[in-house]
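Reminder, nothing fancy here: chain letters follow the sequence lines and each chain counts from 1.
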Amino acid sequence: MNFPSDLKYTKEHEWVRVEGDVATIGITEFAQSELGDIVFIDINTIGDSIGQDEIFGAVEAVKTVSDLFMPISGEVLEKNDDLDSSPESVNSDPYGAGWMIKVKMSNPSEMDGLLSAETYREMVGH
Amino acid sequence: MKNTALTSVHTALGAKMVPFAGYNMPVSYEGIIQEHHTVRNDVGVFDVSHMGEFLLEGEGALDLIQKVTSNDASVLIDGKVQYSCLPNGKGGIVDDLLVYRMSENKYLLVVNASNIEKDWNWISSHNSFGVKMTNLSDDTSLLAVQGPKAAQALQALTQIDLGSMEYYTFQVGTFAGVNDIIVSATGYTGAGGFEIYFPNAVAEQMWNAIFEAGKDFGIKPIGLGARDTLRLEMGFCLYGNDINDETSPLEAGLGWITKFTKDFIDKDYLLKQKEAGLTRKLVGFEMIDRGIARQHCIVKDENGIEMGEVTSGTQSPTSGKIIGMAYVATPFSKAGTEIYMDIRGKLMKAVVTKAPFIQK
């Protein structure tokens, strides 16, 4: 499985890409593979300031629903509106077209506590 | 955890395996949605060997079946199958099942995997008719070959004229070179097709023969995930979700298999319930607002008052609509009624809809 080395990861299977003080967040290839066919991304937190490890939305697969957790604290600036019509992008391109939200980080030092690609890969055993 | 005779085949195919009813079962191979479309449009094969099979033999077999089931098995003739349920003596359902009449004094009951032991004990406890009961579950494999191309795909394997078999009939014959195989024109998908019962010893031989015969028809293996979306599009009940020990067959919309013209367990109770009027009913629904209402989601009225609970819900791969089934208070059970689902704390609008949810 692919876990790009320039991203940071969480135990809840989100990834984070940082550009300046903005973090882009999605779920990992492992997460999408465990969920199966994704049919709906439910995010209603745009404009909200949300703390680390708190819920920012949910991802609905055919068989199951899973909460989405903030890897880092911050304000949700925008969500990926393309996922409304193409939620399957999360399956096919989890680190690209399948990104979920952009967040203005309120405490960038939290990034230091996230997992490297290597550590995350060991955790999921792939 | 139990395996079926085909577990190693599924694993070799790369299936995602999950525990289901105590069995290690394939939930999907290439993705639930793709597998769903394969069955609706072409033909697919489910290993459902976890299902239970009981053989009932003897002069009292029909009497026992008439006592424990709600449908009228006396109308069966050899080669006919009947959908039925086992009332639990307290107004609920022990299980739903298929009843096969093999011959005058010989019947096969096919029950849900999760209920094999419960059903066996329940039926045994009412066997005051001297019926010889044999639990074939651990020795019997079952493949459901489902889809509009199923008859064509399998025809090369048998002399039985598959295309002319009527729904809910079966024949016993030679299939893929093996004698005494039950070929049943039944299924849980609404896509047409067959369920084939055979001994575990020939399971791999059967699997390989079916895939060889079906390769020109695009035959593929299908997991339990698509089995669930396919049955839900048809509005078929799933035991443990839509029916259970607390739901009555009448509430579940199974009045059509509850025959008050014969005597059976719970007849008086259910007759009284029918005469008094049902307080809740199992209905289909489609979401209007965007959200998936899943099992145990609370159903409310427009004022936010709780009046029901979702039993099954998913996105229909065929229509793209969010569909499901729910018990609602009777005043809200009419098709077209607006109801509200409490999804993660938000009220989302849905409308009561008569199943099936797709046009065949």
K.L.:
With a 4.5 angstrom heavy-atom cut-off, is it the side chain or the backbone of Ser28(B) that approaches chain A, or both, or neither?
P.N.:
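Neither the backbone nor the side chain of Ser28(B) comes within 4.5 Å of chain A.
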K.L.:
Any idea which of Asp67(A), Val62(A), Asp42(A) has the most non-hydrogen atom pairs under 4.5 angstrom with chain B?
P.N.:
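Option with the top pair count is Val62(A).
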K.L.:
Is atom CD of Glu246(B) surrounded by more than 12 heavy atoms (other residues, nucleotides or ligands) closer than 6.0 Å?
P.N.:
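For Glu246(B), atom CD is not crowded (no more than 12 foreign heavy atoms under 6.0 Å).
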K.L.:
How about CZ on Phe20(B), more than 12 heavy atoms from neighbouring residues, nucleotides or ligands closer than 6.0 Å, or not?
P.N.:
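Open: at most 12 neighbouring heavy atoms sit under 6.0 Å from CZ of Phe20(B).
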K.L.:
Answer whether the closest heavy-atom distance between the side chains of Ile292(B) and Val65(A) falls below 4.5 Å.
P.N.:
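Ile292(B) vs Val65(A): side chains apart.
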K.L.:
Please round to the nearest 0.5 Å and tell me the distance separating atom CD1 of Ile33(B) and atom CG of Asn91(A).
P.N.:
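Result: 8.0 Å between the selected atoms.
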K.L.:
Any non-hydrogen side-chain atom of Gln315(B) less than 4.5 Å from a side-chain atom of Asp37(A)?
P.N.:
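A side-chain contact under 4.5 Å is absent here.
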K.L.:
Select one option (side chain, backbone, both, neither) describing which atoms of Arg344(B) are under 4.5 Å from chain A's heavy atoms.
P.N.:
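Looking at Arg344(B), just its side chain touches chain A.
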K.L.:
Working to the nearest 0.5 Å, report the span between NZ of Lys346(B) and CG of Asn44(A).
P.N.:
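So the NZ of Lys346(B) and the CG of Asn44(A) are separated by 3.0 Å.
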K.L.:
If you count every heavy atom of other residues, nucleotides or ligands that lies below 6.0 Å from Glu122(A) atom CD, does the total exceed 12?
P.N.:
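It does: Glu122(A) CD has more than 12 such atoms within range.
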K.L.:
If I take atom OG1 from residue Thr229(B) and atom NZ from residue Lys63(A), how far apart are they, to the nearest 0.5 angstrom?
P.N.:
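Going from the OG1 atom of Thr229(B) to the NZ atom of Lys63(A) covers 8.0 Å.
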